[in-house]
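The structure under discussion appears below in the form of structure tokens.
Atoms considered below: every heavy atom in the structure, side chains included; atoms not considered: hydrogens, waters and symmetry mates. Every chain is numbered from 1 and lettered A, B, ... according to where its sequence line falls, protein lines coming before strand lines.
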Amino acid sequence: MTDPLLSVKNLRIELNTRDGVAPVIDDFSFDLFPGEAISFVGESGCGKSMTALGIMGLLPEGVGKIASGSINFAGEDLSSAEQKRMRNIRGNEISMIFQEPMTSLNPVYTIGEQIAEVLRAHQGLSKQASWTKAIELLDAVRIPNPQARISDYPFQMSGGQRQRVMIAIALACEPKILIADEPTTALDVTVQAQIFDLLNDLRKQTGTAIILITHDMGAVAEMAERMIVMYAGRKVEEGPVQQVIDNAGHPYTQGLISCVPHILEKLTAKRQMLQEVPGIVPSLRDFGKDQCLFASRCQYVSEKCNNTRPTENKFSSSQTVACWLTESIQ
Amino acid sequence: MSLTNTALLKVENLGVRFLMKSNMLLGKKTYLYAVDDVSFEIQRGETLAIVGESGSGKTTAALAAARLVKAYTGKITLDNTDMLQIQKEKLRQARTKVQFIFQDPYSSLNPRLRAEEIVKEPLNSLTNFSSQKKQTLVNDLFAAVGLRPEQQRLFPHQFSGGQRQRIGIARALATQPELIICDEPVSALDVAVQAQILNLLRELQSKFELTYLFISHDLGVVQHMCDQIAVMYMGKIVEYADRLSLFNSPLHPYTSALLSAIPSVDQKRRENTKRILIPGDPPDPINPPKGCRFANRCPVAKDICFQKEPKLQNTKDNHRVACHLVDETAVSPLKHLL
Ligand SMILES: Nc1ncnc2c1ncn2[C@@H]1O[C@H](COP(=O)(O)OP(=O)(O)OP(=O)(O)O)[C@@H](O)[C@H]1O
Ligand SMILES: Nc1ncnc2c1ncn2[C@@H]1O[C@H](COP(=O)(O)OP(=O)(O)OP(=O)(O)O)[C@@H](O)[C@H]1O
Ligand code: SF4
Ligand SMILES: [Mg+2]
Ligand SMILES: [Mg+2]
């Protein structure tokens, strides 16, 4: 087996909140292999973006910090890397695209200037060369007529086009890893499909590994090979996408899948009520507790769940689940 | 098109346009036709969904149907009352029959009012009930949407997103409306909370015999909620059919593209669905092309599609579609691509 490109071990990210310090990410580990696409899924506030920001060295200053654990990238521990080194990595090796393309693009510069600027800063290209490369990149993300569109300002583009520009910028330096944080949430499904096709093509061509952050199980199934289900700052399940969807081990994953009205092969007249997951996510204050954080919403809860944090167990050959229930099954 | 008259809401040839001010300098009035010759109807107790991409006119059509946006042409009949003719007191009465639930449970609630006051608001403005009667109603409404009595005294920020949407639903139910227009009612919610709200909406529908106009861009949600579906593209309805026909045998190329773009957890569907790519963007809505508005992106467009506008026509079983390449035999023009 090849070595992982990125190996996150026992990561703990702490946030300063009004109620004190809370572990927004708690003992979180995963590997990402070269050319692979994995996905983080989970409810709003479970820490998906924080994990991404932690890897990128972009945790909100004075609020969040990596308290322990390691982020091993190509033999280097990013969790203790200098800011200067992280800037270099962000420009060249690991890129990120964010949910709202409008807020990540600067409204007063043309998109060409913004892409070329990245290329000059990180690859030391000349003005002329960076402009030519920028046109190539716009072409690669399938912006029609890139020579003309390169002088457009962000507001002159549609939402889907802006997101493609963001992808062009993220890919400018041919990163080894692309982190896409809800890249299509604000877009129509027809545009989303184009973006997914684009990401899949680029992955095939360049071998860039992708971390897709989303709450849409369908998107996960379409884009990723492996998925990590997160709940309240912890990994609760991990495994190959279709295997997890067809046979989820953690009660939370099961709920997440069956509470969504999925588009199926053939629609029938029958309509079932959707499964509800009662209750709400615990508040940040409770994230660190030594118990299963899903216990208050879980229909299988037992005493142990309320007293001890479940360990990660093998659920099937390539699937792991952190739930006391699955331990007792084994 | 045969529109029956048992419908609770019947909208005929509705048109809504917005004046584009920037062009007034040229001395010529330019309009954006946000809703163009749109007709639909909803039977009592049923749900009609409107789907379509962002900017296609879904919200505007719904607002116009409730007379919250001015229609420049068309006819709207609610419960046998001509909504565009009636005025004042009659209009106020008619308005109690229609209520809205909005997408954003955060901004659609007044942050300075307590939950009970928010729910009471439409009762104050649209009825003459005594304050005691209003309070009794509010108590019932809180129970109906699954909120606890003591939560009446809380302010919006003290509720979760799903609970706020419940307040919005209670408010919409207050005047005992017959028609509720739900505009993206769950888009801002987590999937687990979405399920609660969708279940609640269906439960309330059967309990109070409610009629829904349901707007959503999430076709999974739509498929779960609706009886009939209208697909909009650039201000026009391009396809209109019942739930099973539309999802199992879509006819308009745009609908096929839309359905094929939905990511699915169903492995069989992923393997059997060929993605229909529609490159490019919709044309400028201020200057729509003279032919079919989808022609520039349509994978099977013919010459006629660029020349002449297709009308919404019945094929069979009331499955209506606006496409030159579909006739009464109701065969998808994309059949060879699927
Ligand atoms: N700048 C910040 N200061 C304090 N708390 C924060 C900050 N950013 C995020 N949080 C908190 O950290 C937790 C995790 O947030 P995160 O953004 O990682 O969630 P997420 O899983 O990405 O959710 P979503 O799906 O809504 O994007 C949340 O409880 C959030 O309120
Ligand atoms: N008050 C207004 N003034 C001018 N143009 C408007 C106004 N309201 C809507 N429009 C335009 O009318 C068209 C239809 O808008 P509408 O909000 O109805 O679309 P929608 O289908 O609801 O989209 P979304 O899915 O984004 O909510 C758009 O081009 C929009 O920009
Ligand atoms: S550990 Fe217990 S409470 Fe947590 S998910 Fe499993 S059974 Fe439910
Ligand atoms: Mg996030
Ligand atoms: Mg809308």
Flag the one option from [options] with the top tally of heavy-atom pairs under 4.5 Å to chain B.
{"options": "A:D216, A:L256, A:T268", "value": "A:T268"}
{"options": "A:I245, A:V281, A:L264, A:V277", "value": "A:L264"}
{"options": "A:M273, A:R271, A:E276, A:E222", "value": "A:R271"}

message: Determine whether a donor-acceptor pair (N or O, by modelled atom type, separation under 3.5 Å) exists between the side chain of B:Q196 and the backbone of A:Q275.
response: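 Not a single qualifying donor-acceptor pair exists.
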message: Looking only at heavy atoms and a cut-off of under 4.5 Å, which of B:K268, B:M225, B:H217, B:Q267 has the most pairs with chain A?
response: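 That would be B:Q267.
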task: Identify which of B:N199, B:D266, B:V191 forms the greatest number of heavy-atom pairs closer than 4.5 Å to chain A.
output: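 The candidate making the most pairs under 4.5 Å is B:N199.
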- prompt: Is chain A contacted by the side chain of B:L198, its backbone, both, or neither, given a heavy-atom distance below 4.5 Å?
  reply: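 Side chain of B:L198 only, per the 4.5 Å heavy-atom cut-off to chain A.
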field: Engaged part of B:L219 at the chain A interface, taking heavy atoms whose separation is under 4.5 Å
entry: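 Both parts, heavy atoms under 4.5 Å.
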- prompt: Sequence neighbours excluded, which residues qualify as side-chain contact (heavy atoms from CB on, under 4.5 Å) partners of B:A143?
  reply: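 Not a single residue meets the side-chain contact (heavy atoms from CB on, under 4.5 Å) criterion with B:A143.
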message: Do A:T190 and B:L258 make a side-chain contact, defined as non-hydrogen atoms from C-beta onward lying under 4.5 Å apart?
response: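 Counting from C-beta outward, A:T190 and B:L258 do come under 4.5 Å.
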Any side-chain heavy-atom pair of A:V260 and B:Q194 under 4.5 Å: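 No, every pair of side-chain atoms sits at 4.5 Å or beyond.
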- request: Please check if atom CD in B:E209 has more than 12 non-hydrogen atoms from other residues, nucleotides or ligands closer than 6.0 Å.
  value: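 No.
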task: Examine the side chains of A:Q242 and B:R270 and answer whether a donor and an acceptor come within less than 3.5 Å of each other.
output: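 Result is yes, a qualifying pair exists.
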field: Atom of A:Q194, atom of B:P279 and distance for their closest heavy-atom approach
entry: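 Heavy-atom minimum between the residues: NE2-CA, 4.1 Å.
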task: First locate atom OG of B:S264, then atom CE of A:M217, and finally report the distance between them rounded to the nearest 0.5 Å.
output: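 It comes to 12.5 Å.
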query: What distance do A:E43 atom CD and B:L189 atom CG have between them, rounded to the nearest 0.5 Å?
result: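 A:E43 atom CD to B:L189 atom CG measures 11.0 Å (nearest 0.5 Å).
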